[in-house]
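Taking it in order: structure first as structure tokens, then the write-up.
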Amino acid sequence: MGGLRDNVILGRQAVSSLFAGRGRYVRALTTLAEVLAIYGRGKASGSHDLMDQHARAAERVARLCRHNGATWVKAAQFFSCRPDILPQPYIDALAPFQNEAPALHFDQLKPVLIAAFGKDWTQRFTAFDLVPAATASIAQVHRATLVSGEDVAVKIRMPDVARLFEQDSRIFRLLARLLAPLVRELDVVQITEQLLTMTATELDFRNEAENLRRFARQPHPPGIAVPPLFDALSGEQVLVTGWVPGHRLREYLDAHPEQAAPLLNRLFASYLQQVTRFGIYQADPHPGNFIVDEAGCITILDYGVIGRLTPDEVRRYSRLLYGLMGFEGDVDAAELFRQAGFVGGNAQTLQALSQYVLTDKLKNEHPVQAVQALLDALRAEKIQIPDSYIGISRVLITLGGFLMAYKVPFDWTPPERRAVG
């Protein structure tokens with residue numbers, strides 16, 4: 001009865017939100033019907049061209065996200081980096097959202113700057129580019145120069161984005177409940193909650209400022225940089241950081257393919273270090289959040305959401321990851337899983353799963369696929385996976401997708417065992 005009651009409550013909230021933003025939600029429900037019809041017709045006709053069905057459905061989903069904006073663009077960015085969840089045609093259709101969110105006219109952002117700095121906000125700058133340097137799902141970034149002479153990036157939250165998120169989140173939860181019985185191989189509800197939690201945190205730039213301060217204090221290796229924060233100018237709706245010259249990661253690699261291996265290996269090693277040594281990691285690693293300068297230094301942008309691990313979690317996840325990857329000698333895989341907070345399954349099952357994935361699959365498949373296969377197998381065995389481990393896996397799988405795209409060999413070597421440079 002509890003599940004039915006929850007669905008009724010969500011349904012009522014969704015109806016309320018639907019009335020408030022009915023144009024956007026009619027499009028959403030219409031698109032859902034179209035997507036289900038595409039797969040339904042394919043199944044009824046006995047068609048085996050599933051990739052064509054995916055492509056046609058993905059085109060409709062991308063169109064919906066482009067029309068609805070705000071949370072929908074954030075969802076497109078989130079899922080475009082999830083080859084573990086979506087087939088490749090969806091990844092291809094959603095990938096443009098990584099760098100191509102629709103921009104707002106600057107006049108629409110002026111009230112936000114006035115609220116943050118006062119009516120004389122222009123007095124803080126000697127130059128302010130009205131054309132955005134970048135547009136994301138919830139904010140725009142404009143290049144400016146302070147009166148003190150520093151070049152800065154001014155990140156401005158889009159007006160009404162908080163109100164739209166409140167509406168969208170209810171519809172997202174309802175859609176997740178509706179889709180869950182149809183996509184049993186994925187925990188659609190959990191994935192949706194991850195997306196909504198991440199977006200809610202990003203809406204308040206004070207969270208991002210604190211995340212940036214904490215992340216900047218870590219001993220990052222050479223070639224990995226963090227932009228400076230201008231604390232006095234940053235608040236709930238505006239964040240000011242140093243301007244980072246360079247090119248987005250994908251653009252740089254497409255122009256310099258010979259640099260793919262050293263750059264991506266350095267970036268992946270940095271994330272391994274963040275997870276297994278620092279206990280704090282940037283949790284939204286899509287390509288638009290990495291800037292490469294002429295010297296090849298990678299600056300990590302966007303700290304709206306970071307992952308945090310306790311010292312105990314760092315120790316246990318580090319032992320689990322490197323133990324399973326063969327860097328800790330002979331290990332009791334079942335015990336490592338239990339120590340890391342996995343619940344359910346017997347010792348023989350966990351040992352067999354880890355051996356299957358980390359021997360047979362590593363010989364024949366990319367390690368990203370092996371990690372995903374392990375997650376799928378754990379879910380199939382009804383083993384409860386800690387939320388923090390899901391977050392870590394998502395980040396590592398996303399980064400691994402970059403390596404796969406540029407055919408860079410995968411290297412799980414712990415950061416402290418790697419050669420410097």
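In this text the structure is predicted, and so the values were computed from the model without any measurement.
Atom-to-atom distance recorded for S318:OG and F327:CZ is 11.0 Å, nearest 0.5 angstrom. Note that the OH atom of Y39 and the NE2 atom of H54 stand 4.5 Å from one another [nearest 0.5 Å]. Rounded to the nearest 0.5 angstrom, I224 CD1 and Q273 CD are separated by 9.0 Å. How far OG1 of T398 is from CZ of F78: 8.0 Å, rounded to the nearest 0.5 Å. Separation of atoms CG (L272) and CG (L267) is listed at 10.0 Å; rounding is to 0.5 Å. The CZ atom of F268 sits 10.0 Å away from atom OG1 of T413, with the distance rounded to the nearest 0.5 Å.
Of the charged side-chain nitrogens involved, at least one lies within less than 4.0 Å of a carboxylate oxygen, so that E34 and R63 count as a salt-bridged pair. A salt bridge is absent between R163 and E166: the closest approach of a Lys/Arg side-chain nitrogen to an acidic carboxylate oxygen does not fall below 4.0 angstrom. Ion pair E210/R206 not flagged as a salt bridge, since none of the NZ, NE, NH1 or NH2 atoms sits closer than 4.0 Å to an Asp/Glu carboxylate oxygen.
Under the 4.5 Å side-chain criterion, counting only non-hydrogen atoms from C-beta, I306 is not in contact with Q274. For the pair E150 and T145, the minimum side-chain heavy-atom distance is 4.5 Å or more. Taking the side chain as every heavy atom from C-beta outward, L113 and T122 never approach each other to under 4.5 Å. With contacts defined as side-chain heavy-atom distances shorter than 4.5 Å, the pair L146/L233 qualifies. For the pair Q140 and L104, the minimum side-chain heavy-atom distance is below 4.5 Å. Residues M51 and P89 meet the side-chain proximity criterion, which asks for heavy atoms closer than 4.5 Å. Put simply, the side chain of L94 reaches to within 4.5 Å of the side chain of L86, judged on heavy atoms. Contact annotation: the side chain of L264 approaches that of L249 to within less than 4.5 Å [non-hydrogen atoms, C-beta and beyond].
In plain terms, the two heavy atoms of V35 and V61 that are nearest each other are CG2-CG2, 4.0 Å. Shortest non-hydrogen contact noted between A75 and L195 is CB-CD2, 3.6 Å. The minimum heavy-atom distance linking R157 with A162 is given by the pair NH2-CB, 4.3 Å. Closest of all the heavy-atom pairs between L301 and P227 is CD2-CG, 4.1 Å. When every heavy atom of L239 is checked against every heavy atom of A209, the shortest pair comes out as CD1-CB, 3.9 Å. When all heavy atoms of A176 and T192 are compared, the closest pair comes out as CB-OG1, 3.4 Å.
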**Study point:** side chain to side chain contact (heavy atoms under 4.5 Å, CB included) between F128 and L130, intermediate numbers included
**Key:** CA-CA 6 Å; F128 199 107; L130 303 186; 4.2 Å; yes
Practice item. Show your working on side chain to side chain contact (heavy atoms under 4.5 Å, CB included) between R66 and F97 and close with a plain yes or no. Key: CA-CA 8 Å; R66 190 170 291 109; F97 289 93; 3.7 Å; yes
Exercise for review: Tell me, with the steps shown, if L309 and I392 meet side chain to side chain contact (heavy atoms under 4.5 Å, CB included).
Suggested key: CA-CA 10 Å; L309 302 172; I392 292 169; 3.8 Å; yes
Review point. Step by step, would you call E59 with R56 a salt bridge (charged side-chain N to carboxylate O under 4.0 Å, His left out)?
Key: CA-CA 5 Å; E59 185 276 328; R56 287 187 287 121; over 6 Å; no
Exercise for review: Using the side chain to side chain contact (heavy atoms under 4.5 Å, CB included) rule, take T276 and Y317 through it: C-alpha gap first, then chi angles, then the decisive distance, then the call.
Suggested key: CA-CA 7 Å; T276 65; Y317 285 152; over 6 Å; no
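Residue pairs meeting the salt bridge (charged side-chain N to carboxylate O under 4.0 Å, His left out) criterion with at least one partner in residues 136-149, sequence neighbours excluded, are R143-D151. The side chain to side chain donor-acceptor pair (under 3.5 Å) analysis of residues 217-239, with sequence neighbours excluded, yields the pairs R213-D231. The list of salt bridge (charged side-chain N to carboxylate O under 4.0 Å, His left out) pairs with a residue in residues 192-201, not counting sequence neighbours, reads R173-E193. Within the structure, salt bridge (charged side-chain N to carboxylate O under 4.0 Å, His left out) pairs that include any residue of residues 69-78 comprise K74-E202, K74-D284 (at least two apart or interchain).
Just one of Y281, Y303, F278 meets the ring pair (Phe, Tyr, Trp, His ring centres under 6.0 Å) condition when paired with F215; it is Y303.
Proximity of a side-chain donor or acceptor of D120 to a complementary backbone N or O of Q123 within less than 3.5 Å is not detected. The backbone N or O of D129 sits less than 3.5 Å from a side-chain atom of H142, completing a donor-acceptor pair. S270 places no side-chain N or O within 3.5 Å of a backbone atom of R266 that could act as its donor or acceptor partner. T199 contributes no side-chain N or O that, together with a main-chain N or O of L196, makes up a donor-acceptor pair within less than 3.5 Å.
Heavy atoms from other residues, nucleotides or ligands lying under 6.0 Å from CZ of R319 number 12 at most.
By the salt bridge (Lys or Arg N to Asp or Glu O under 4.0 Å) test, R124 pairs with no residue at all, sequence neighbours left out.
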In residues 253-261, what donor-acceptor pairs under 3.5 Å come from side-chain atoms, sequence neighbours left out?
from	atom 1	to	atom 2	distance (Å)
D254	OD1	Y406	OH	3.0
H256	ND1	Y252	O	3.2

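Between Y389 and F342, the two ring planes are perpendicular [angle over 60°; tilted spans 30° to 60°].
No donor-acceptor contact under 3.5 angstrom links the side chains of Q190 and Q194, judged on distance only.
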